[in-house]
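For the single chain, residues carry numbers from 1 onward in sequence order.
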Amino acid sequence: MQAPVDPPSGPKDLKRNLVLNIVDEAAETDTEMTVGGLAEHLLVDPSVASRMVSDCISHGYLVRAASQQDGRRTVLHLTEEGLALLNRFRHQQRQAFEFITRDWPEAERLEFVRLLLKYTDSTARLPAPGAGASPQQGA
């Protein structure tokens with residue numbers, strides 16, 4: 001069952017949301033995002049990332065631009081339409097959270113959000129794939 005959000009999300013929306021969030025996160029940290037970087041981030045083949053990016057570009061959510069650091073590279077930027085779609089996705093996520101937790105006491109909702117943010121921060125500190133770190137044994 002899916003939480004009622006307006007408008008409903010489809011499978012393409014989930015992929016676009018991933019791509020747009022990664023490009024937005026890179027922009028917020030003043031990092032350039034390429035198709036190759038997106039593929040690494042999503043742990044997918046570059047051809048898969050390229051198709052995802054092409055879909056976003058064809059719908060007006062992303063544009064390609066020359067890198068300011070290396071003119072030979074092409075980087076990705078959100079368009080105004082892409083930012084509006086990203087904001088719509090975030091609004092839908094909020095709607096889903098409020099629907100799912102509608103019967104929870106406020107203190108539990110706040111505690112859940114606090115722990116989810118802590119979890120997200122911890123996952124962001126994980127080493128990059130192939131960096132050689134292994135999970136702790138017996139944890």
Side-chain angles (χ1 to χ4, degrees):
M1 171 153 180
Q2 189 175 14
V5 295
D6 183 34
S9 296
K12 282 262 189 201
D13 290 331
L14 297 176
K15 291 178 185 176
R16 290 175 184 150
N17 188 23
L18 278 173
V19 171
L20 298 180
N21 268 298
I22 292 167
V23 172
D24 185 53
E25 183 179 300
E28 287 179 7
T29 61
D30 213 19
T31 304
E32 294 185 331
M33 183 54 63
T34 64
V35 174
L38 185 71
E40 287 178 21
H41 197 83
L42 292 173
L43 301 174
V44 298
D45 189 77
S47 65
V48 172
S50 181
R51 285 192 296 275
M52 294 170 80
V53 166
S54 292
D55 173 69
C56 288
I57 289 172
S58 69
H59 285 84
Y61 305 133
L62 290 177
V63 293
R64 287 188 171 101
S67 166
Q68 296 300 306
Q69 299 170 1
D70 181 350
R72 299 169 294 177
R73 290 188 326 157
T74 301
V75 295
L76 304 169
H77 294 284
L78 286 171
T79 63
E80 286 186 33
E81 292 85 1
L83 187 56
L85 182 62
L86 188 57
N87 287 332
R88 187 183 95 204
F89 289 143
R90 290 173 177 165
H91 177 72
Q92 288 173 327
Q93 289 169 334
R94 179 67 184 202
Q95 284 180 311
F97 173 81
E98 289 174 354
F99 178 80
I100 292 165
T101 63
R102 66 191 178 279
D103 297 330
W104 296 16
E106 185 68 17
E108 287 182 1
R109 291 172 94 182
L110 292 172
E111 180 66 3
F112 177 74
V113 169
R114 185 188 70 76
L115 291 171
L116 189 57
L117 290 171
K118 183 177 180 179
Y119 176 85
T120 302
D121 288 343
S122 294
T123 59
R125 291 190 302 271
L126 289 173
S134 61
Q136 292 181 359
Q137 298 294 324

Give the cluster check for V75 versus L18: same hydrophobic cluster or not, with ILVMFWY residues linked at side-chain heavy-atom distances below 4.5 Å.
no
With sequence neighbours excluded, what pairs up with [X] under the salt bridge (charged side-chain N to carboxylate O under 4.0 Å, His left out) test?
X: R90; result: D24
X: E81; result: none
X: R114; result: E111
X: R109; result: E106

Mind checking side chain to side chain contact (heavy atoms under 4.5 Å, CB included) for [X] and listing every partner two or more places apart, or none if nothing turns up?
X: R125; value: D121, S122
X: A26; value: T31, M33
X: S47; value: D45, R51
X: V63; value: H77, T79

Could you measure the distance from the [atom1] atom of [X] to the [atom2] atom of [Y]? Nearest 0.5 Å is fine.
X: N17; Y: Y61; atom1: CG; atom2: OH; result: 11.5 Å
X: L38; Y: I22; atom1: CG; atom2: CD1; result: 5.0 Å
X: R16; Y: L85; atom1: CZ; atom2: CG; result: 7.5 Å
X: D30; Y: E28; atom1: CG; atom2: CD; result: 11.0 Å
X: L20; Y: M52; atom1: CG; atom2: CE; result: 9.5 Å
X: L86; Y: L78; atom1: CG; atom2: CG; result: 6.5 Å

Any donor-acceptor N/O pair, S58 side chain to S54 backbone, under 3.5 Å
yes
Tell me whether H91 contacts the main-chain N or O of N87 through its side chain, where contact means a donor paired with an acceptor under 3.5 Å.
no
Each residue besides V113 in its hydrophobic cluster should be listed here, by chain and number; the cluster joins Ile, Leu, Val, Met, Phe, Trp and Tyr at side-chain heavy-atom distances under 4.5 Å.
F97, W104, F112, L116, L117
Connected to Y119, directly or through other members, by ILVMFWY side-chain contacts below 4.5 Å are none
Any pair counted as salt bridge (Lys or Arg N to Asp or Glu O under 4.0 Å), so long as it reaches residues 68-78, sequence neighbours left out
E32-R73, D70-R72
Taking the side chain as every heavy atom from C-beta outward, state whether R64 and V53 have any pair of such atoms under 4.5 Å apart.
yes
pair K15-D55: side-chain heavy atoms closer than 4.5 Å
no
Nearest heavy-atom pair of A39 and P46: which atoms, and what distance?
CB-CA, 3.8 Å
Shortest non-hydrogen pair, A49 vs V35, comes out as CB-O, 3.8 Å
So, using side chain to side chain donor-acceptor pair (under 3.5 Å) as the criterion, who are the partners of E108 when residues are at least two apart?
none
